[in-house]
Amino acid sequence: MMLGLFLLLTVVWALPAFANPACAVCTVAVAASLEVARYFGVDDSVVGVWAGALLALLGYWMIVWFDKKNWHFAGRDFWLIVLSVAMIGFMYVGRMEYRPEPLLGFLYLDPFLFSVIAGAAVLILSNRFYQWMKAKNGGHAHFPFEKVAVPVLALAALSVYFYYNPLCSKAGELYSF
């Protein structure tokens, strides 16, 4: 129960990006690997975690782009992240059927949508955690590629949890992409 509330509040609490969150190659690699994972039968809840992380990452890239254009307005970073993650809703327009189920005892939500929100929340929190660790270390990373390792390990841990405790059916049984 607390986990669901925590995840929902984290998405709402999306704050400005401190730095460029990831390289373009990593973003494209995650996007390409989602369909490959579904092809090999990976559970939809695991695919949703990485899809949510990708959408949050695209929101961070949009923040960086808005900074380059010098476009600033009230709540800009919050709305860019929220709108980016909300793009998963387009999947329900023609490719997926929205099937809410009771999650965490009180929350009725589609399991794939929940895993997308969870993935976005974990990416945002892990980026914040990395920035905190870096600040505590005098502005330097503890080891090379720490900026990449922290979010990937956090997302991998959530993926392993959803793999052994699936929310969705196996790929392709309920949802046909």
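All values below were derived from every heavy atom in this structure, side-chain atoms included, with hydrogens, water molecules and symmetry-related copies excluded.
Contact between Ser84 and Ala56 at its shortest, heavy atoms only, is OG-N, 4.3 Å. Across all their heavy atoms, Pro111 and Arg99 have their closest contact at CD-O, 3.7 Å. For the pair Leu55 and Val85, the tightest heavy-atom approach, listed with the atom from each and the gap, is CD1-O, 3.7 Å. The nearest pair of heavy atoms linking Ala156 to Trp50 is N-CZ2, 3.9 Å. The two atoms that bring Gly59 and Ile81 nearest to each other are C-CD1, 3.7 Å, heavy atoms only. Nearest heavy-atom pair across Pro151 and Leu123 is CB-CD1, 3.9 Å.
Interatomic distance, Ser126 OG to Lys147 NZ, rounded to the nearest 0.5 Å: 11.5 Å. How far CG of Asn127 is from CD of Gln131: 7.5 Å, rounded to the nearest 0.5 Å. With rounding to the nearest 0.5 Å, the separation of CE in Met87 from CG in Leu54 is 8.0 Å. In this structure, CG in Leu80 is found 10.0 Å from CH2 in Trp65, a value given to the nearest 0.5 Å. From Ser45, atom OG reaches atom CG of Leu113 across 13.0 Å, with rounding to the nearest 0.5 Å.
For Asn165, there are no side chain to side chain donor-acceptor pair (under 3.5 Å) partners two or more places apart in sequence or in a different chain. By the side-chain contact (heavy atoms from CB on, under 4.5 Å) test, Ala86 pairs with no residue at all, sequence neighbours left out. Not a single ring-ring contact (aromatic ring centres under 6.0 Å, His included) links Trp79 to another residue, sequence neighbours left out.
Two residues are said to be in side-chain contact when any heavy atoms from C-beta on lie closer than 4.5 Å; Glu146 and Asn137 fail this criterion. Tyr60 places none of its side-chain heavy atoms less than 4.5 Å from the side chain of Asp77. Side-chain contact check for Phe73 versus Phe66: some heavy-atom pair is nearer than 4.5 Å. Between Asp110 and Glu101, every side-chain heavy-atom pair lies at or beyond the 4.5 Å cut-off. Two residues are said to be in side-chain contact when any heavy atoms from C-beta on lie closer than 4.5 Å; Asp67 and Lys69 fail this criterion. Contact of the Val150 side chain with the Phe129 side chain is registered, since non-hydrogen atoms from C-beta on lie closer than 4.5 Å.
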After noting the C-alpha distance and the side-chain angles of Tyr98 and Leu109, does the key distance pass the side-chain contact (heavy atoms from CB on, under 4.5 Å) rule?
CA-CA 9 Å; Tyr98 182 74; Leu109 193 64; 3.7 Å; yes
Test Phe162 against Asp43 for side-chain contact (heavy atoms from CB on, under 4.5 Å), laying out the working first.
CA-CA 8 Å; Phe162 280 158; Asp43 187 73; 5.5 Å; no
Criterion side-chain contact (heavy atoms from CB on, under 4.5 Å) on Val49 and Val122, from CA distance to verdict
CA-CA 9 Å; Val49 167; Val122 165; over 6 Å; no
Run His140 and Lys134 through side-chain contact (heavy atoms from CB on, under 4.5 Å) and show every step you take.
CA-CA 5 Å; His140 301 287; Lys134 184 177 163 185; 5.8 Å; no
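Hydrophobic clustering, with ILVMFWY side chains joined whenever heavy atoms are under 4.5 angstrom apart, groups Ile117 together with Tyr161. A continuous path of hydrophobic side-chain contacts links Val160 to Phe112 [ILVMFWY only; heavy atoms under 4.5 Å]. Following chains of ILVMFWY side-chain contacts shorter than 4.5 Å, one cannot reach Leu83 starting from Leu58, and the two form parts of different hydrophobic clusters. Tyr108 and Ile88 are not part of a single hydrophobic cluster, where members link through side-chain heavy atoms under 4.5 Å apart. Hydrophobic clustering of Ile, Leu, Val, Met, Phe, Trp and Tyr side chains at less than 4.5 Å, counting indirect connections, keeps Tyr164 apart from Leu153.
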